Every structure is written in C-alpha cells, then in structure tokens.
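Because the structure is predicted, anything quoted here is derived from the model rather than measured. Hydrogens, waters and symmetry mates play no part in the numbers below; they use all other heavy atoms, side chains included. In what follows, chains carry the letters A, B, and so on, assigned in the order in which the sequence lines appear, proteins first and then strands, with residues in each chain numbered from 1.
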Number of protein chains: 2
Amino acid sequence: MARTGSAESKGERTRRRIVGHATLLMYEKGYARTTIDDVIAAAGVTKGSFYFHFSSKEELGCAVIEAASEHILSRLREALDRPDLSPRGRIEAMLKEIQGIVEEADCSRGCILGNLALETSSSHPDFRERIAKAFREWSELIASELQEMKAAGELPADFDCAAYADFAVSALEGGIMISKVTRDPSPMRNSVDLILRQFEDYKKPDRDNPKTISRRKGR
Amino acid sequence: MARTGSAESKGERTRRRIVGHATLLMYEKGYARTTIDDVIAAAGVTKGSFYFHFSSKEELGCAVIEAASEHILSRLREALDRPDLSPRGRIEAMLKEIQGIVEEADCSRGCILGNLALETSSSHPDFRERIAKAFREWSELIASELQEMKAAGELPADFDCAAYADFAVSALEGGIMISKVTRDPSPMRNSVDLILRQFEDYKKPDRDNPKTISRRKGR
DNA sequence: CATAATAGACTAACCGGTCGGTATATTATC
DNA sequence: GATAATATACCGACCGGTTAGTCTATTATG
C-alpha cells in the first residue's frame, strides 16, 4: 500500500502518462492503428508495466475516452462559467473554446470523441455509450444556457432549447468532421458562425410579434 | 460468349460483387476490421480471384468509396430532379432521401463516407480526398438548389447560399454521427427538421417592404 | 519483507499478400 | 476448321510480419 497521503503515487503517475500518450496516438491514428507497442514506446514503459496498469487494450481505450470527455467538458464548463458575460456571450465563449480545441490540432485531427465514436461504436458498445453520454452532457450544457438566454429575453418564449442544442452539437461535430476531411478550418468556423447568427438579432417582443425568431442582419 | 455488345463481362460482375459485399462489411465494421478473408467469404470468391481483380486492400477501399459516392450522389440528384416540385419541395425531398438512406440501416451504421473518412483520413490521403470531393459535390448540389429558391423569391436576396449549404451538410453529417452513437434516429431527424425550418417563414417581399426579413450575408 | 512496479522475452493468432497452378475462353495461324 | 498461342478468370496453400496478451524474473518502496 503506497497509497496514503494526498500526493499522486508513482503508479498513478505512470498510468496517467500512459493515458496521455495513448490519447495523442489515438487522436492521430485512431484506435485500431494505435498499437500497444506504440503506446509503451511513447510513454517510455515496458509491456509488463503496461499490463500491470491495464488489463487490456480495451481498458486503455475506456480510460482515454473517459479522460478526453472530462477534459473537453470541463473546458466547456469553464467557458460557460463567466458571470461577467451575458448568456449569449457565454455561448459564444463556449463555441470559441471548441474552435480553439480543434484548431490546436490544425483541424486535421478532428474531435477525438467523434473519431473514436465512428471507428469503434459498432464493435465496442461500452465506448459508444460513454461517448454518447459526453455528447448528451454537451447538449445539456448548451440547452441550459439557451434557457438562460430565453429567461433574459434574448430568445423567443417558444424557442425549443433542447432541440436547438442537439442541432448545434450536430452542426459542430459535422463541421469538425468536414474540416478534418478537407483539411480546412472553414467548415467548422462556418458552423460556429451560423449557430451564433441564429441568436444575433432577436429583439425582446415588445408586445406585437412573439412568434418567430427573426434573422435580420446584425454585427 | 462474352465481350460482345454491351453486356457486363463475367470478370466485371465478379468485381462488382466483391465491391458490393465489401461495402456492406466496411459500412458495418469499418475499414481496419474488415479483412480480405471476410470479403471473399461474403462474396463467395477465393483469395486468388480477389487479387486478380484488386491489387491491394487499399484499391478495394478506393473502389468502395467511389461506388458509395456515386450511389449516394445519384440518389440525391434524383431527388432534386423533380420539375413538379418547387425548389423548396426539392430540398425537402433530398433531405428525406438522406434520412431514408440512413434509416435503411436503422441509423446504427451512420454514413459510410463519414465513417471511412474519420477512420482512414489520417492514413489514406487518397481516401480522404475522394470523400472530401463527395462532400463538396453534395454541398454544391444544395447550394445550387438554394440559388433557385432565391430566384423563386423563397429566400432573401442576400442569403448566403454556399455558406448555408456547407452548414447543412455539416449539420446532417453531425446528426447522422450522433444518431449512430446514440442508436437513436432523432438527432438526424432533428437536423433535417431544423434545416427545413430555416426556409419556412420567409415571405416574398411584396414590393413595398423589401427588407423586412433578411439575413446577413458573407462571413 | 511484502507488495507495488518494472523488465522484456515469448507466444499464438491473425491478416495482407504471394505464388504456382488450373480451367476456360478468345484470337492467330496454317 | 483444327489447333496452337494467349488472355482472362479463378483456386487455395502458404509465408512473413504484426499485434495483443502472457509469463517469469527482477527491482523499488513503504
């Protein structure tokens, strides 16, 4: 038992190092083409050490997905946790954060959750479910922020926040996918822009036209 | 008794059969997890025969992507080639066609182009480029239809058709992805619905008030 | 010293691709 | 029009490299 105290034990550090390098490799090459030998070489550990910390490649995959989900969602939550901004400003901050995450990799690696989802979801139900949960949480984050926009009168009263949040997640993931395939950041940026534009020019219904979200020019 | 006239030769039929079964397998399991042995067993041919028709697995992958691109795009073009419908009706028909293609597979297999794109684009530049071309063509199809809507007064004069077409493709591919991951058709349907809704309530400016509802253009 | 952690040789299965060979059609030659 | 020559199509055993995972031995660490 080397576990007492608050400091991270050596084993925990090793495990984290393995997950970190595995994440980079799987982000770059996908799950199947990332071999255990790749991972241990990158992390500087041996086979025996690896299999002391992980029982299988699948368990490593789970750890990678878990860590990536937490990393991404915490960055998004951080972007939304800005009391100094209006609800709309916070959504914008969140979208920019996504854009930043993707552009850190030149848009050429896409989104690790989307990548692993499409590659492995038919063979690894546990991967699939964990990733589905991350997308659901992301959508809920957006939806609750849209609710706040609505409460602040920045959206029409009949605006369907949940549906639009799902739509935004789809448009973003799709944009990231097309950016990866075309090696061009503009599809993803275009998704960000057009999502933002939906919110741009709704005017608090002064009394006459509460029904439609208008789309007049703004900016 | 071959070769004469327009009939397909025996070799061509075999090749097509191989591609067809390979497409189903790669749609289901992805590229890496589809083995040549899988393909030849499904198509009922032997290794030797396979390697007579294809020089490598990669060449098979190209053939699958090519065939899938043509198949999908031709179905979309067909849906758009309906002179009896209004431009908006044609877009709706195309979206329903996409929905149909995906729901034929219970939404659980996603889109074969998107799947292969995310799995292989970092290792197979030729796959990536061919798929990028298909997405580009799809977007152009939508954009030109939006142009017709605009000409028919169903969209504001400053509507940015190209940007919106890209956005629609992103939202659809993203919706298909989320539907695959969640095994639930609603995210994809939601994308279809919200795309259609964008067009729903623009009213032709009745000569006196030409700027009532318009959207900003450009980026 | 007990156990956590590391070391790395080894294995068994898998998989893409090869190779020598066969069968059947098409074309060339006399 | 018989036959030789060639091209097309197919057959399946086999090979070599790769890969996930195992096993036994050894070294830190509390």
Side-chain angles (χ1 to χ4, degrees), chain A residues 1-23 25-26 28-65 116 119-120 123-124 126-127, chain B residues 1-23 25-26 28-65 116 119-120 123-124 126-127:
Chain A
M1 285 277 189
R3 191 67 15 96
T4 48
S6 53
E8 198 176 37
S9 75
K10 190 176 181 197
E12 282 162 346
R13 273 205 318 279
T14 303
R15 193 185 150 102
R16 283 170 64 91
R17 194 170 71 249
I18 293 173
V19 170
H21 287 277
T23 301
L25 286 164
M26 290 184 184
E28 181 80 38
K29 322 197 326 172
Y31 181 75
R33 289 178 49 249
T34 296
T35 68
I36 304 291
D37 285 344
D38 286 342
V39 173
I40 64 177
V45 300
T46 59
K47 266 277 174 75
S49 185
F50 175 86
Y51 277 98
F52 173 78
H53 293 285
F54 299 91
S55 66
S56 67
K57 185 181 181 183
E58 189 169 2
E59 192 184 311
L60 173 65
C62 286
V64 165
I65 290 170
L116 291 179
E119 182 189 350
T120 67
S123 56
H124 290 78
D126 45 342
F127 290 10
Chain B
M1 69 153 246
R3 186 54 15 108
T4 49
S6 53
E8 198 177 37
S9 76
K10 191 179 181 195
E12 281 162 347
R13 272 204 319 279
T14 303
R15 195 186 148 99
R16 282 169 63 93
R17 195 170 70 249
I18 292 173
V19 171
H21 286 277
T23 302
L25 285 164
M26 289 182 183
E28 181 79 38
K29 320 197 327 172
Y31 182 75
R33 289 178 50 251
T34 297
T35 69
I36 305 291
D37 286 344
D38 286 342
V39 173
I40 64 178
V45 300
T46 59
K47 265 278 174 75
S49 184
F50 175 86
Y51 277 98
F52 173 78
H53 293 286
F54 299 91
S55 67
S56 66
K57 185 182 181 182
E58 188 169 2
E59 192 185 311
L60 173 65
C62 286
V64 164
I65 289 170
L116 291 180
E119 182 188 349
T120 67
S123 56
H124 290 80
D126 45 340
F127 290 10

- So, for B/A63 and B/F54, which heavy atoms are closest and what is the spacing to 0.1 Å? CB-CE2, 4.1 Å

- Message: In whole Å, I'd like the distance from the CD1 atom of A/I18 to the P atom of C/dA5.
- Response: 11 Å

- Query: What nucleotide, of D/dA9, C/dA7, D/dC11, holds the atom closest to the side chain of B/T46?
  - Reply: D/dC11

- Message: If I take atom CZ in residue A/F54 and atom P in nucleotide C/dA5, what distance separates them, rounded to the nearest angstrom?
- Response: 12 Å

- Would you say the side-chain atoms of A/T120 pair up with the backbone N or O of A/S123, donor to acceptor, closer than 3.5 Å? no

- To the nearest 10°, let me know how far the axis at one end of the helix from C/dC1-D/dG30 to C/dC30-D/dG1 is tilted from the axis at the other, five pairs an end. 10°

- Where the side chain of A/E119 meets the backbone of A/G30, is there a donor-acceptor pair that is under 3.5 Å apart? no

- Note on the structure: A/E12 atom CD is separated from C/dT6 atom P, nearest whole Å, by 12 Å

- Working to the nearest 0.5 Å, report the span between NZ of A/K57 and NE2 of A/H124. 8.0 Å

- Whole-Å distance, A/F50 CZ to D/dT19 P, equals 14 Å

- Note on the structure: Rounded to whole Å, the CG-P distance (A/L60 to D/dT19) equals 15 Å

- Message: Taking donor-acceptor contacts at under 3.5 Å, does the side chain of A/K47 reach the base of D/dG21?
- Response: yes

- Query: If you measure from OG on B/S55 to CZ on B/F50, what distance do you get to the nearest 0.5 Å?
  - Reply: 8.5 Å

- Do A/K47 side-chain atoms and A/I36 backbone N/O form a donor-acceptor pair below 3.5 Å? no

- Indicate the atoms forming the closest heavy-atom contact of A/I18 with A/H53, along with that distance. CD1-CD2, 4.5 Å

- Message: By nearest atom, which of the nucleotides C/dA5, C/dG17, D/dG21 is closest to the A/Y51 side chain?
- Response: D/dG21

- Taking all atoms of both residues into account, what is the closest heavy-atom pair of B/S49 and B/T14, and its distance? OG-CG2, 4.4 Å

- Query: To the nearest 0.5 Å, how far apart are OG1 in A/T34 and CG in A/L60?
  - Reply: 9.0 Å

- Query: Which residues in residues 28-41 of chain B have at least one heavy atom lying under 4.0 Å from any atom of DNA chain C?
  - Reply: B/T34, B/T35, B/I36

- Message: Any side-chain N or O of A/T14 below 4.0 angstrom from OP1/OP2 of C/dT6?
- Response: yes

- Between B/R15 (CZ) and D/dC10 (P), how many Å, whole number? 12 Å

- Length of the NZ-C1' vector between A/K57 and D/dT19, whole Å: 8 Å

- Message: Taking 4.0 Å as the cut-off, does a side-chain nitrogen or oxygen of B/H53 come that near to OP1 or OP2 on D/dC10?
- Response: yes

- Atom pair distance, as rounded to whole Å: CZ in A/F52 and C1' in D/dT26: 14 Å

